[in-house]
Structure formats: C-alpha cells, structure tokens
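Just below is one structure, and these are the notes that go with it.
Only this structure's heavy atoms are used, side chains among them; waters, hydrogens and symmetry mates stay out.
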Amino acid sequence: MLEFYKGNMPAYYGGRLSSVIDMRMKDGNNKHFSGSGGIGTLSSRLTLEGPIVKDKGSFIISEEEHILIWLTKAMHACE
C-alpha cells in the first residue's frame, strides 16, 4: 500500500513541513500456496505466494509485463 500526503497529514507523522510517502508491504500467506493474475489491455501480471515454513515465514513473487514491450520485440523480429 502506498499513500502520499502533500499536506494536512495525520498527527502521528509529527510536525513534518513538506510531504510524506507512507509505504507498507503486503504480508505473504503463511498458511497455504496461492496465486493470482490478470491480463489487461496494456499489461499482464502474475503473483504467487505461500509459506516457506508453515505459520513462520512466507514469500511473495510478483511479475508484471507490459504488452507494448512484447509488440516492440515482435516488430523488431519481423525486420
């Protein structure tokens, strides 16, 4: 999750004068393996997550590919 505050930020950031970027990581699934993905008009994505040691540690692997890159490679291959 990514939040950007240009001003009027919450009090727990203290007396900051400029801006704040709040970045939080997603926790992996430490119970079982799962995956998700999708294909859109401009990009495709795939995410896999699961336990390394059950209930103790987890991993997340994610990939995103832009379709414009595929099209550019295909056009150069035809030349």
Side-chain angles (χ1 to χ4, degrees):
M1 183 174 80
L2 179 72
E3 291 187 50
F4 179 67
Y5 298 100
K6 296 189 287 188
N8 194 22
M9 56 202 86
Y12 54 85
Y13 290 116
R16 305 290 185 259
L17 293 177
S18 60
S19 58
V20 173
I21 296 177
D22 184 9
M23 295 180 2
R24 297 180 189 210
M25 303 294 287
K26 179 182 178 205
D27 293 330
N29 188 340
N30 62 359
K31 303 288 183 191
H32 55 83
F33 290 99
S34 65
S36 65
I39 298 176
T41 56
L42 297 176
S43 66
S44 60
R45 62 196 172 281
L46 175 67
T47 302
L48 301 172
E49 59 182 315
I52 295 173
V53 177
K54 193 161 179 101
D55 296 329
K56 293 193 179 196
S58 62
F59 71 91
I60 297 177
I61 298 174
S62 186
E63 172 71 26
E64 182 173 332
E65 188 72 36
H66 294 276
I67 294 176
L68 185 59
I69 294 171
W70 292 351
L71 292 174
T72 304
K73 288 179 184 177
M75 288 173 35
H76 286 298
C78 291
E79 293 178 357

Nearest-0.5 Å distance, [atom1] of residue [X] to [atom2] of residue [Y]:
| X | Y | atom1 | atom2 | value |
| --- | --- | --- | --- | --- |
| H66 | S43 | NE2 | OG | 5.5 Å |
| L46 | E64 | CG | CD | 11.0 Å |
| D27 | I60 | CG | CD1 | 7.5 Å |
| H32 | S58 | NE2 | OG | 11.5 Å |

Heavy-atom side-chain contact between N30 and K56 under 4.5 Å: no
Is any side-chain heavy atom of I61 closer than 4.5 Å to a side-chain heavy atom of E49? no
Derivation and outcome, side chain to side chain contact (heavy atoms under 4.5 Å, CB included), residues T47 and S36: CA-CA 5 Å; T47 302; S36 65; 3.8 Å; yes
Before you tell me yes or no, could you show the steps for E65 and R45 under side chain to side chain contact (heavy atoms under 4.5 Å, CB included), namely the whole-Å CA-CA distance, both residues' side-chain angles and the distance that decides it to 0.1 Å? CA-CA 6 Å; E65 188 72 36; R45 62 196 172 281; over 6 Å; no
Using modelled atom types and a 3.5 Å cut-off, is there a donor and acceptor pairing between side-chain atoms of K31 and backbone atoms of D55? no
With a sphere of 6.0 Å drawn around CG of L42, does it hold more than 12 non-hydrogen atoms of other residues, nucleotides or ligands? no
Within a 6.0 Å radius of atom CD1 on I39, are there more than 12 heavy atoms belonging to other residues, nucleotides or ligands? no
